[in-house]
Amino acid sequence: MTVLIPAVNGQVAAGLARRLRGENLPIRALARDRDRAETALGGSAGVEIQVGPLDDAALLAEALRDVDIAFLSVGTDPRQTELEKAFIDAAAKAALPHLIKLSTIDTVPDSPNPVGRWHADIERHLADSGVPHTILRPAYFTTNLLRTAAPSIKATGRWFGTSPNGRIAMIAPHDISEVAAAVVLDPALRGHTYDLTGPEALTLHEIAAILGELLGREITYATATPEQMREAMAARGVPDYYVEVALGIDRSVEAGLHASVTGTVAELIGRAPADASTLLARHLPAFAV
Ligand SMILES: NC(=O)c1ccc[n+]([C@@H]2O[C@H](COP(=O)([O-])OP(=O)(O)OC[C@H]3O[C@@H](n4cnc5c(N)ncnc54)[C@H](OP(=O)(O)O)[C@@H]3O)[C@@H](O)[C@H]2O)c1
């Protein structure tokens, strides 16, 4: 069985490739930068890496040759919808037997998060393509906090956002990779849509309290207005599209779209997903002074 993993240096994709390498499955990967891919994979042993842009139809056709299953997860990027649809079209043309698509739990057509709307559009395209598929819809990644909160927490002990009441059933990308590996390895798990969450839904204030306990100093989450957030992110050089994504994620959180807790991860991988305290402890140096 050959597994194709485009955008292999993504956090979930690289974890999947590392996990499958241990199963001695032939893995073919696509990346736009070989060095970054090798860094993400911890070397290229056991993975055939092809390098090129994801909109290169000839490269996709070649990469999809004799592949049994693929895992699709282009990162948050203004071209994500276009690139994922192009991959799905290439997969349909190549009669790919199965595609696992990473989506998001706030995937609804009128999602308050633009990324939720992108995924709804891509999921529809996948359904119409006729490619047999499995959809993974995870909640908020723990690693978001490394980008959105850690620098501010390190410097000032607090961070800002626009979601004072929303709850988040945070999940580690590593646990999502484990689920994807289970679907690759067990055909009986395929053909479903899975909502993947951590074991508890916490407010950002509760997450701040856990971090404070782990760090031994007071950490707070403070509410700002969308305008204040836009200004602060622009001053840090955050690209405009990502400013709107960040505000959209907060709107989704506030609307409760990341708050459900499912037992799906444990059912699929036979162990509970890591809880917030364990995950934050794992990343503690990023928050510590
Ligand atoms: N973060 C969350 O809380 C969350 C929650 C639920 C679902 N998701 C979904 O999870 C998926 C992964 O998200 P992420 O932002 O965390 O991604 P990521 O793991 O950072 O992965 C990004 C990958 O996509 C590639 N990529 C991005 N733009 C590209 C382009 N224009 N052309 C070619 N490759 C490109 C990157 O390649 P390079 O390394 O070359 O840049 C990298 O390999 C997304 O679909 C997101 O919606 C995220």
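When a residue number appears, it is its place in the shown sequence, counting from 1. Ligands are counted one by one from 1 in listed order, and the atoms in each one are counted from 1 as well. Scope of the values below: all heavy atoms of this structure, side chains included, with no hydrogens, waters or symmetry mates.
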Minimum-distance protein heavy atom relative to atom 24 (O) of ligand 1: Gly75 N, 2.7 Å

With Lys101, which of Glu123, His133, His119 fulfils side-chain hydrogen bond (donor to acceptor under 3.5 Å, both in side chains)? His119

Begin from the C-alpha positions of Ser252 and Asp106 and carry the test side-chain hydrogen bond (donor to acceptor under 3.5 Å, both in side chains) through to its verdict. CA-CA 7 Å; Ser252 263; Asp106 54 2; 2.7 Å; yes

Under 4.0 Å between heavy atoms, the region of Ala13 that gets near ligand 1 turns out to be neither

Between Val184, Leu189, Leu72, which is the residue that forms a side chain to side chain contact (heavy atoms under 4.5 Å, CB included) with Ile100? Val184

May I ask you to identify, for Arg137, whether its side chain, its backbone, both or neither come under 4.0 Å of ligand 1 on a heavy-atom basis? neither

For ligand 1, is Pro53 a contact, meaning one of its heavy atoms is under 4.0 Å away? no

Walk me through it: do Arg158 and Glu218 pass the test salt bridge (charged side-chain N to carboxylate O under 4.0 Å, His left out)? CA-CA 8 Å; Arg158 65 181 178 167; Glu218 193 184 5; over 6 Å; no

Which of the numbered atoms in ligand 1 are below 4.0 angstrom from a heavy atom of Gln80? 44 (C), 45 (O)

Flag if over 12 foreign heavy atoms under 6.0 Å of CG, Asp66: no

Return a yes/no value for Gly10: is any of its N or O atoms, backbone included, closer than 3.5 angstrom to an N or O of ligand 1? yes

Sub-3.5 Å N/O-N/O distance, Phe141 and ligand 1: yes

For Tyr140, atoms of ligand 1 separated by under 4.0 Å from a heavy atom: 3 (O)

Going by the order shown, which atoms of ligand 1 are within less than 4.0 Å of some heavy atom of Leu54? 33 (C), 34 (N)

Under 4.0 Å to a heavy atom of Asp77 - the qualifying atoms of ligand 1, by number: 28 (N), 31 (N)

Just which atoms of ligand 1 are under 4.0 Å from any heavy atom in Ser73? 11 (C), 12 (C)

So between Arg32, His119, Gln11, Met170, whose heavy atom ends up nearest atom 46 (C) of ligand 1? His119

Indicate yes or no: does Glu254 engage Arg251 in a salt bridge with an N to O separation below 4.0 Å. no

Numbered in order shown, the ligand 1 atoms found under 4.0 Å of a heavy atom of Leu83 are 30 (C), 31 (N), 32 (N)

Sub-4.0 Å atoms of ligand 1 with respect to non-hydrogen atoms of Val115: 47 (O)

For ligand 1, which atoms, with element, lie under 4.0 Å from some heavy atom of Ala7? 24 (O), 25 (C), 43 (O)

Of all the heavy atoms in Asp33, does at least one lie under 4.0 Å from an atom in ligand 1? no

